[in-house]
K.L.:
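Could you have a look at this structure, given as structure tokens, before my questions?
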Amino acid sequence: MMPALSRALRILLPAAMLAMAGSSVQAQESMREGETAIAGPDSVQRTNTAGILFDKNLNTFNWLGRLAVDTVAGRTRFGVGATYLSNIIQTENPAPGSARTSESTQQNFRLMLAHPVSEPFALHTQWSSLIFSDNRGNGLSNASNHTLLAGVDVSPWPFVTLSPLAGYRWDRQGAIHDRGLALDLGAELHPLDFDGYRFAGEGHFRRDNLSPRVLTNHIAQVGVEKRFSPEARDSMMMAFQQTGREFYLAGDSTIESRTDDLFSFANLLSYDVSRSWGADLFVNVNSRGLDKDMRRLRQDASDEASFDTRIEEFRLDTYAQVWYQAPDASSSAHIRLGYSERNETHRAKAPAGTMAPNIAVLFAERNRQEQSKDNVARRVALSGGTSLDVSPLHRVMFAGSATILRYDTPSELNQEDRDELLVALALGTWHRVSRAVDIGIALDGTYSHLVYLLKERSANNNINRVLRLSPRVIYRPVEWFTSINGFEVLANYTVYDYEKQVALARSFSYRQFSWMDSTTVEFTGRLGLDFYAYLKLYERGMLRWDEFLERTENSTVDRTFSAQVRYAPAPAVLVALGVRYFSQSRYVYKDTVRRPDTFFSSVGPTSLIRWDVSAASRLLFQGWYERRKQSDGTFRSLASMTMQVFLHF
């Protein structure tokens, strides 16, 4: 994918409205669980990493392991990718006949070998496997597949690589074992510059014949980027993907087939009016079709009539934006107008041939049920923001957005038709008062109005108002002492439009106050003290908005205190010991009188060991032990631990 277009696709996701004063927001792109990626044979950047994450919290254990190796020995290139995921939950008092431990694991492994024979040929072999098991009894409990492929990589031209591979696949779903031939035809178009147009693309044709099942995965993608002048550039991407999956149902008598077709087109046009001003126009179109078919391997007279279904989805996302950035980066601003639309239709597929009268009645009813899921969603959004350095010691930021959503359902059976309005505004300031004091203040608020258009759901119509004030102070009188204090006052009011007409619709309020202190003292270059305190008070009650009267129903007070002494015996090693205390007090109100309801507290030691093996490798062990006092006066001891090992080699 073209770099500029990839950035545009990411910023289509709903952005966080406003950053707190003095803070920064970083977007992170994570790989889906269970995926293991190995770079192609011609990748320039090769990364070898290994990582283990273990987390024990109460009676839940989580393991995550990853391995990625891409190296060359002699003239042979090796690629290894592995992922291990495990979730274990221990039950103290399991029900009779049930297991005390519930466990879900998933293992992925992939091995790739490539060895050049003679120009332009290279031998290519790969092995991949997936093993999944789950004893919780929800859905498929165990499955696995293993695939061995071998072939050649052919580069008839420097910018094209063809990879025809063939082999065998072993597949298991529950107690059913299938096997058969596997075919993978791959092609890659390396970045190619042709008369100023930069092309890149890839394609794959994958088919696994596991009689009686057939699995497919076909991909085609091409991108083009063109810089017309130093100020104007355009990038375009087109992609098609077809995925076919088949599963056994009801033992081995029925196969469910799911075929997913996706076509997408995206284009980003950028123009820099000057070094400080620019504009972007982005369009993304997606068309998707999902077929869900049932194929019976053995007919039974008692089988009920079933019908295949098809879902079609069309999605359009577009925006136009103008941005400004001062040459010295002292000020910036942007404004964006976006529009998105999604049209989703559901249909039952009529069986082949002439339907009997009773089957026709059943089909009409099933098709009507499917069509009740049809919906059209249209969203218009206007957003913008600005940041201005009033002086070298003072900065002001403002951001705002307004969004209107219209959600329509053509079917009379679907009563979810609604309109939504969301307005969000935020203002932040940051001031360097002196060499020792920094002050930041953030004020933000949201206003949302939800309106169901049909009377059956109109009782849920409501207006929600949220207002939050968050000041923060950083105090650093000397190099070895730093204290950060933050406060937050939040008010949340939800008012139902028809509260007087509907007994179950009750307006309510939620208010919260919190205070946080984080203090660090550096006694020496190796010895330090960290202190953390957090206090949160929040309450919920009934609200009469017209008179702005509240009746508090319950309130809660959370207190957290922790302190630790840390010591660095070596520049890359850190050891810390401390203690942590947490308590929660809950109150109920009766006749406006606050009365204690429940109390919970825990206290115990904490520990931390960190070793920075290198600039990109780290070992971290963190644990805490707590003795909990329950609301009934009993005590319970628990140990928790986190381990992180990340190696880059």
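Keep in mind that this is a model prediction, so the values were computed, not measured.
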K.L.:
Counting N and O atoms only, with roles assigned by atom type, does the side chain of Asn375 sit under 3.5 Å from a partner on the main chain of Lys373, one being a donor and the other an acceptor?
P.N.:
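Yes: the side chain of Asn375 pairs with the backbone of Lys373.
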
K.L.:
Would you confirm whether Asp308, through its side chain, and Met294, through its main-chain N or O, come within 3.5 Å as a donor-acceptor pair?
P.N.:
yes

K.L.:
Between the main-chain N or O of Glu246 and the side-chain N or O of Arg213, is there a donor-acceptor pair closer than 3.5 Å?
P.N.:
yes

K.L.:
Got Gln371 and Leu413 here, is their nearest side-chain heavy-atom distance under 4.5 Å?
P.N.:
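No; the side chains remain at least 4.5 Å from each other.
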
K.L.:
Among Arg245, Arg179, Arg169, exactly one meets salt bridge (charged side-chain N to carboxylate O under 4.0 Å, His left out) together with Asp208. Which residue is that?
P.N.:
Arg169

K.L.:
Less than 4.5 Å apart, any side-chain heavy atom of Gln644 and any of Arg618?
P.N.:
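Not touching, per the 4.5 Å side-chain cut-off.
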
K.L.:
Where is the tightest heavy-atom contact between Leu149 and Gly167, given as atom of each residue plus distance?
P.N.:
CD2-N, 3.6 Å

K.L.:
Please lay out, stage by stage, how Tyr534 and Asp558 fare under the test side-chain contact (heavy atoms from CB on, under 4.5 Å).
P.N.:
CA-CA 8 Å; Tyr534 182 70; Asp558 293 346; 5.6 Å; no

K.L.:
Could you give the distance from OG (Ser602) to CZ (Phe582), rounded to the nearest 0.5 Å?
P.N.:
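Going from the OG atom of Ser602 to the CZ atom of Phe582 covers 6.5 Å.
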
K.L.:
Given Ile359 and Phe307, is the side-chain contact (heavy atoms from CB on, under 4.5 Å) satisfied, shown in steps?
P.N.:
CA-CA 10 Å; Ile359 301 298; Phe307 305 97; 4.0 Å; yes

K.L.:
In the structure I gave you, are the side-chain heavy atoms of Val152 and Pro164 within less than 4.5 Å of one another anywhere?
P.N.:
yes

K.L.:
About how many Å separate CG of Leu64 and CG of Leu53, when rounded to the nearest 0.5 Å?
P.N.:
5.5 Å

K.L.:
Assess whether atom CZ of Arg566 is packed by more than 12 heavy atoms of other residues, nucleotides or ligands within 6.0 Å.
P.N.:
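More than 12 heavy atoms, drawn from other residues, nucleotides or ligands, come within 6.0 Å of this atom.
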
K.L.:
What are the two closest heavy atoms between Phe635 and Arg627, and how far apart are they?
P.N.:
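Distance-wise, the nearest heavy atoms are CG-NH2, 3.4 Å.
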
K.L.:
Is any side-chain heavy atom of Leu189 closer than 4.5 Å to one of Val160?
P.N.:
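Sidechains of Leu189 and Val160: in contact.
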
K.L.:
Please list all pairs passing the salt bridge (Lys or Arg N to Asp or Glu O under 4.0 Å) test where one or both residues lie in residues 114-128, with sequence neighbours left out.
P.N.:
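Residue pairs passing salt bridge (Lys or Arg N to Asp or Glu O under 4.0 Å), neighbours aside: none found.
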
K.L.:
Between Ser562 and Val579 (side chain of the first, backbone of the second, donor and acceptor by atom type, cut-off under 3.5 Å), is there such a pair?
P.N.:
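No, Ser562 side chain to Val579 backbone: no donor-acceptor pair under 3.5 Å.
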
K.L.:
Is atom NZ of Lys629 surrounded by more than 12 heavy atoms (other residues, nucleotides or ligands) closer than 6.0 Å?
P.N.:
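At most 12 heavy atoms, drawn from other residues, nucleotides or ligands, come within 6.0 Å of this atom.
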
K.L.:
Between Thr216 and Gly244, is there a donor-acceptor pair closer than 3.5 Å when you use the side chain of the first and the backbone of the second?
P.N.:
yes

K.L.:
What are the two closest heavy atoms between Pro212 and Leu297, and how far apart are they?
P.N.:
CG-CD1, 4.0 Å

K.L.:
With a 4.0 Å cut-off on N to O distance, would you call Arg295 and Asp293 a salt bridge?
P.N.:
no

K.L.:
Assess whether atom NZ of Lys292 is packed by more than 12 heavy atoms of other residues, nucleotides or ligands within 6.0 Å.
P.N.:
no

K.L.:
Under 4.5 Å between any side-chain heavy atoms of Tyr84 and Phe109, yes or no?
P.N.:
no

K.L.:
Classify the angle between the aromatic ring planes of His218 and Phe205 as parallel (below 30°), tilted (30 to 60°) or perpendicular (above 60°).
P.N.:
parallel

K.L.:
Do Tyr625 and Ser637 have side-chain N/O donor and acceptor atoms under 3.5 Å apart?
P.N.:
yes

K.L.:
Whether the side chain of Lys56 engages the backbone of Leu58 through a donor-acceptor N/O pair (distance < 3.5 Å, no angle test) should be reported.
P.N.:
yes

K.L.:
Please check this pair: side chain of Ser617 against backbone of His648, looking for a donor-acceptor N/O pair closer than 3.5 Å.
P.N.:
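Pair found, side chain donor or acceptor close to backbone of His648.
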
K.L.:
Does the side chain of Asn142 reach to within under 4.5 Å of the side chain of Ile131, using non-hydrogen atoms?
P.N.:
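No, too far: nothing below the 4.5 Å cut-off.
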
K.L.:
Once rounded to the nearest 0.5 Å, what's the spacing between atom NZ of Lys349 and atom CZ of Phe363?
P.N.:
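Rounded to the nearest 0.5 Å, the NZ-CZ separation comes to 10.5 Å.
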
K.L.:
side-chain contact (heavy atoms from CB on, under 4.5 Å) between Thr125 and Leu148: does it pass, once the steps are laid out?
P.N.:
CA-CA 8 Å; Thr125 303; Leu148 176 63; 4.2 Å; yes

K.L.:
Here's a test for you: under side chain to side chain contact (heavy atoms under 4.5 Å, CB included), which of Leu210, Ile176, Leu130 qualifies with Asp171?
P.N.:
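Only one of Leu210, Ile176, Leu130 forms a side chain to side chain contact (heavy atoms under 4.5 Å, CB included) with Asp171, namely Leu210.
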
K.L.:
Examine the side chains of Thr161 and Ser155 and answer whether a donor and an acceptor come within less than 3.5 Å of each other.
P.N.:
yes

K.L.:
Taking all heavy atoms of Ile219 and all of Gln241, pick out the closest pair and write down the distance.
P.N.:
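Heavy-atom minimum between the residues: CG1-CG, 4.0 Å.
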
K.L.:
Side chains of Leu165 and Leu185, heavy atoms from C-beta outward: is any pair under 4.5 Å?
P.N.:
no

K.L.:
Shortest non-hydrogen contact from Thr147 to Ala182?
P.N.:
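The pair with the smallest heavy-atom distance is CG2-CB, 4.3 Å.
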
K.L.:
Does Asn135 use its side chain to pair, donor to acceptor, with the backbone of Glu103 at less than 3.5 Å?
P.N.:
yes

K.L.:
Taking Arg347 first and then Asp374, would you say they form a salt bridge - that is, a charged N and a carboxylate O separated by under 4.0 Å?
P.N.:
yes

K.L.:
If I compare all heavy atoms of Thr105 with all of Ser133, which pair ends up nearest, and what's the gap?
P.N.:
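In terms of heavy atoms, the two residues are closest at OG1-OG, 2.7 Å.
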
K.L.:
Find the distance between CG (Asp178) and CZ (Arg172) and round it off to the nearest 0.5 Å.
P.N.:
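If I round to the nearest 0.5 Å, the distance is 12.0 Å.
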
K.L.:
When you measure from the side chain of Thr409 to the backbone N and O of Asn414, does any donor-acceptor pair fall under 3.5 Å?
P.N.:
yes

K.L.:
Just by modelled atom types, is the Gln90 backbone N or O under 3.5 Å from a matching donor or acceptor in the Asn59 side chain?
P.N.:
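It does hold such a pair.
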
K.L.:
Under a 3.5 Å cutoff, is there a donor and acceptor pairing between the side chains of Asp530 and Gln564?
P.N.:
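Judged by distance alone, the side chains do pair up.
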
K.L.:
Quick one, Thr345 with Phe314, criterion side-chain contact (heavy atoms from CB on, under 4.5 Å). Give me CA distance, side-chain angles, the key distance, then yes/no.
P.N.:
CA-CA 9 Å; Thr345 59; Phe314 174 82; over 6 Å; no

K.L.:
Are side-chain heavy atoms of Asn284 and Tyr319 found at a separation under 4.5 Å?
P.N.:
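No; the side chains remain at least 4.5 Å from each other.
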
K.L.:
Could you tell me whether Trp170 and Tyr168 have their ring centroids closer than 6.0 angstrom?
P.N.:
yes

K.L.:
Between Arg342 and Asn286, is there a side-chain donor-acceptor contact under 3.5 Å, judged purely by atom types and distance?
P.N.:
no

K.L.:
Is a salt bridge present between Glu313 and Arg315, judged by a nitrogen-to-oxygen distance below 4.0 Å?
P.N.:
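No salt bridge links Glu313 with Arg315.
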
K.L.:
Relative to each other, are the rings of His146 and Trp127 parallel, tilted or perpendicular (30° and 60° limits)?
P.N.:
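The arrangement is parallel - the two ring planes meet at less than 30°.
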
